[in-house]
Amino acid sequence: TPTPALKWQASTNGSTWSDLGVTGTACDVLAVTLADDGRQYRAVASNATGTVNSNVATLTVAAATITPVFITQPVNLSLTEGQNGQFVAAVSGTPTPALDWQVSVNSGPWFSFGVTTPVYNVYGVTLGDSGRQYRVVATNAAGTTYSNTVTLTVNAAAVAPAFTIQPTNVTVTEGQSAQFTVAASGTPVPTLQWQLSTNSGVNWSNLAGETGTTYTALSVALTKNGWQYRVVATNTAGVVNSNAATLTVHAAPGAKAFGTATLIESGSTGAARPRIAFAPNGDAMAVWMQQSDGVYFHIWANRYTAATNSWGTEALIGPGAGDAWDPRIAIDSHGNALVVWYQDGDPTGAGRNDIWSNYYTAGSGWGGALLVETDNAGPALSPQVAFDPSGVGVAVWLQSDGTASQIRSNRFTAGAWGTVAALEASTPGASRSPQIAIDASGNALAVWSRSDGTSAFDNIWANRYTAGSGWGTAGLIETDNTGAATAPQVAFDASGNALAVWQQSDGSRRNIWSNRYHAGTGWGTAELIEWNNGADADNPQISVDANGDAVAVWQQSGSFGTPTRIWSNRYTVGSGWGGFPALIQTDLYGGGTANATAPQIAMDASGNALAVWIQPDGASDSTPDIWVNRYTVGSGWGTTANLGQVRINIPGASGSPAGWPQIAIDANGNALVVWYQSDGIADSIWSNRYQ
């Protein structure tokens with residue numbers, strides 16, 4: 001008493017108070033904000049007797065609730081397998097929303113992963129994760145909101161292109177179309193570009209617009225024979241070239257025939273043992289031994305030019321004091337030629353045979369004669385030579401150590417010979433008849449016959465030269481010791497496989513045998529390819545085409561006392577040698593008593609073949625001519641034809657006997673045959689062309 005007066009006060013810190021100007025028993029706080037949260041209030045009562053403060057009351061202001069809103073939505077994510085990545089979201093709302101990331105596989109149910117942060121990490125993704133969908137759920141007291149649904153895309157890691165189907169060689173007849181096909185894998189999917197080479201793979205050019213898995217060459221001309229095609233596959237991981245596939249174009253049926261025999265050497269007192277080899281462009285080189293000075297045989301050569309269909313002027317390439325014998329020739333892919341021979345007398349005067357050579361550089365001509373070996377312990381004989389496409393030559397020969405003969409070899413590189421290598425151990429016995437063949441990669445095979453000194457009979461041996469490694473160890477490729485095995489021959493196909501043939505006695509007569517070298521695995525098992533035991537089969541020859549098919553020819557009597565005739569057998573990849581051999585010389589000239597001998601065989605890239613041999617024409621058994629027969633794929637052997645179309649009948653002479661036929665075929669299926677033929681006084685070198 002008297003009744004107290006009231007006033008309200010507020011404080012933001014509990015110690016400092018300010019009057020609000022409110023004097024009633026109630027204090028209204030209007031339109032509070034979050035800034036008012038925590039303010040304290042009290043009433044002060046005053047009268048004449050004193051002043052009293054009420055208890056302090058605190059105002060609590062809670063934020064208004066707001067439904068969650070995504071201010072940053074997660075976005076689609078694209079990764080490469082093995083990578084890590086993130087989905088990110090940002091959300092507002094009152095109170096602060098809680099987050100929960102969810103995933104759906106294959107658009108199925110949603111599953112929570114227990115991730116409650118604004119960032120969801122994925123680690124080491126796999127292709128199996130591709131297509132998964134993600135979202136985040138935001139929740140508070142005001143409600144629940146879902147983010148956009150986003151997708152994880154996982155791309156395969158980049159993989160360099162690889163060809164699952166390589167283009168393969170195609171053979172057509174001129175005017176036909178040729179199709180090449182490839183298939184390539186890689187990630188991303190590679191782009192393809194077909195390319196063409198017209199010079200054996202030295203240069204390549206793009207075929208405009210040819211970017212598919214197949215390329216078709218329409219109505220191909222004969223001039224495209226030997227062209228090569230390949231594909232370049234490209235993606236972000238790399239660039240890869242396919243194998244090169246070769247187009248072989250045959251002349252239209254009936255378009256080829258032999259022409260008129262041509263004299264390619266003259267003015268000598270005797271010429272013999274010609275050899276012939278083709279360059280890829282159709283040019284050729286013939287070599288022979290010729291007694292041009294009336295005293296010694298020297299080595300001569302003449303060059304055939306395809307562009308003019310003509311022979312040039314003969315050139316002396318192997319002079320010297322002493323007879324030069326048995327030249328052999330090989331030509332590389334650029335038209336360079338390498339010739340080897342053996343020659344009486346050596347520079348030291350020891351009087352033994354040495355191996356000599358000469359090198360023809362395309363566009364420049366012949367160089368000087370070079371010694372291949374200088375070992376004068378004994379004579380060197382029977383040289384053979386082969387050239388790989390790059391121009392590396394390999395020669396093999398017989399070299400005597402003064403007691404027995406072994407097989408030696410040397411390599412010709414960059415215009416010079418290297419170091420002589422022995423292809424077999426120096427053991428008792430004697431070797432004979434070396435032969436050499438080389439594949440497109442520079443690997444070589446040498447074969448020969450050898451008596452081991454403990455057996456009365458020869459066996460067939462072989463050694464392989466591996467490019468970059470050298471010669472291996474000589475090994476037997478036949479082991480039948482019932483009779484002698486001699487006169488081996490060997491030839492390669494385009495894949496590095498080879499076939500060898502030889503004549504082998506069973507103790508009563510000679511038969512023809514063969515063995516195949518498989519690239520990567522070695523020699524197989526020797527097998528009989530001729531079994532007519534009426535009489536001896538001799539002088540086998542073999543030629544192999546690019547696909548590995550082969551034709552072998554040999555001479556053989558039907559029985560003792562009957563004329564020798566020419567036989568053949570064919571090897572087909574995948575099925576082996578044929579059935580009964582084919583008689584390819586069907587006419588018995590000279591009254592049925594004349595022998596057909598000295599067969600030679602050559603195949604074109606498509607498996608067609610030409611065989612030549614010598615045989616009297618019926619006018620006189622002492623006057624042999626050159627004869628030929630052709631094997632055509634799909635139809636077999638044809639009809640025998642005489643190449644001895646030129647006669648020089650010298651009065652008093654018994655005719656114009658011909659001998660030693662040799663044949664070669666170029667990439668277009670054209671052929672050249674060379675031989676020696678007498679005019680009754682001396683032998684000269686002749687040629688005839690099949691085109």
Side-chain angles (χ1 to χ4, degrees), residues 1-79 84-105 107-123 125 132-152:
T1 306
T3 301
L6 298 177
K7 66 176 180 181
W8 287 88
Q9 293 181 328
S11 175
T12 59
N13 55 16
S15 59
T16 302
W17 295 86
S18 58
D19 292 335
L20 296 176
V22 178
T23 58
T25 57
C27 179
D28 294 326
V29 181
L30 303 175
V32 297
T33 68
L34 289 177
D36 298 322
D37 184 49
R39 284 192 178 188
Q40 295 176 316
Y41 295 85
R42 72 183 181 184
V44 179
S46 300
N47 61 16
T49 63
T51 300
V52 178
N53 296 329
S54 71
N55 293 340
V56 175
T58 300
L59 173 63
T60 300
V61 181
T65 59
I66 301 173
T67 303
V69 174
F70 282 95
I71 56 177
T72 300
Q73 291 279 2
V75 296
N76 294 332
L77 183 60
S78 181
L79 299 174
N84 304 327
Q86 292 181 332
F87 294 100
V88 178
V91 66
S92 64
T94 304
T96 300
L99 301 180
D100 181 28
W101 286 91
Q102 296 180 332
V103 64
S104 173
V105 179
S107 301
W110 291 91
F111 299 94
S112 295
F113 270 99
V115 178
T116 59
T117 60
V119 177
Y120 179 78
N121 294 297
V122 289
Y123 300 100
V125 297
R132 288 189 173 190
Q133 294 178 308
Y134 296 82
R135 71 184 183 186
V136 61
V137 182
T139 304
N140 66 8
T144 298
T145 302
Y146 294 89
S147 72
N148 294 343
T149 297
V150 293
T151 301
L152 171 64

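Everything numeric in this text was worked out from a predicted model, so none of it was measured.
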Output the distance between atom OG1 (Thr151) and atom CD (Gln133), rounded to the nearest 0.5 Å.
4.5 Å
Under 3.5 Å: donor-acceptor pair, side chain of Asn13, backbone of Thr16:
yes
Between atom NZ of Lys7 and atom OG1 of Thr51, what is the distance when rounded to the nearest 0.5 Å?
8.0 Å
Which atoms form the tightest heavy-atom contact between Gln40 and Trp17, and what is the distance?
O-CZ3, 3.5 Å
Any non-hydrogen side-chain atom of Leu77 less than 4.5 Å from a side-chain atom of Tyr134?
no
Could you tell me whether a side-chain N or O of Thr67 sits under 3.5 Å from a main-chain N or O of Gly143, the two making a donor and an acceptor?
no
Can you give me the closest heavy-atom contact between Val105 and Arg132, atom names plus distance?
CG2-NE, 3.7 Å
Donor-acceptor check, side chain of Asp37 to backbone of Leu34, threshold 3.5 angstrom: yes or no?
no
Looking at every heavy atom in both Tyr146 and Phe70, which two are closest together, and how far apart are they?
C-CE1, 3.6 Å
Would you name the heavy atoms of Ser11 and Gly14 that are closest together and state the gap between them?
OG-N, 2.7 Å
Going from CH2 on Trp110 to CZ on Arg135, what distance comes out if it is rounded to the nearest 0.5 angstrom?
5.0 Å
Evaluate the side-chain contact (heavy atoms from CB on, under 4.5 Å) criterion for residues Val61 and Thr33: first the C-alpha distance (whole Å), next the side-chain angles of each, then the deciding distance (0.1 Å), finally the verdict.
CA-CA 7 Å; Val61 181; Thr33 68; 5.9 Å; no
Closer than 3.5 angstrom, by distance alone: can the side chain of Asn47 be matched with the main-chain N or O of Pro2 as a donor-acceptor pair?
yes
Closest heavy-atom pair, Ala141 versus Thr65, reported as atoms and distance to 0.1 Å, is CB-CG2, 4.3 Å
Could you tell me whether the side chain of Trp8 and the main chain of Gly24 form a donor-acceptor pair under 3.5 Å?
yes
Considering only heavy atoms from C-beta outward, does the side chain of Thr145 approach that of Pro97 to under 4.5 Å?
no
Tell me, with the steps shown, if Val136 and Val91 meet side-chain contact (heavy atoms from CB on, under 4.5 Å).
CA-CA 10 Å; Val136 61; Val91 66; over 6 Å; no
Nearest 0.5 Å, what's the OG-CD1 distance between Ser92 and Ile71?
5.5 Å
Counting C-beta onward and ignoring hydrogens, is there a side-chain heavy-atom pair between Tyr120 and Pro74 closer than 4.5 Å?
no
With heavy-atom distances below 4.5 Å as the criterion, would you say the side chains of Leu152 and Val103 are in contact?
no
Roughly how far, to the nearest 0.5 Å, is the CG atom of Leu99 from the OG atom of Ser147?
9.5 Å
For Asn53 and Val44, work out which heavy atoms get closest and say how close.
OD1-CG2, 3.3 Å
Asn140 side chain vs Thr96 backbone, donor-acceptor pair below 3.5 Å:
no
Measure the shortest side-chain to side-chain distance between Asn121 and Asn84 over non-hydrogen atoms and say whether it is less than 4.5 angstrom.
no
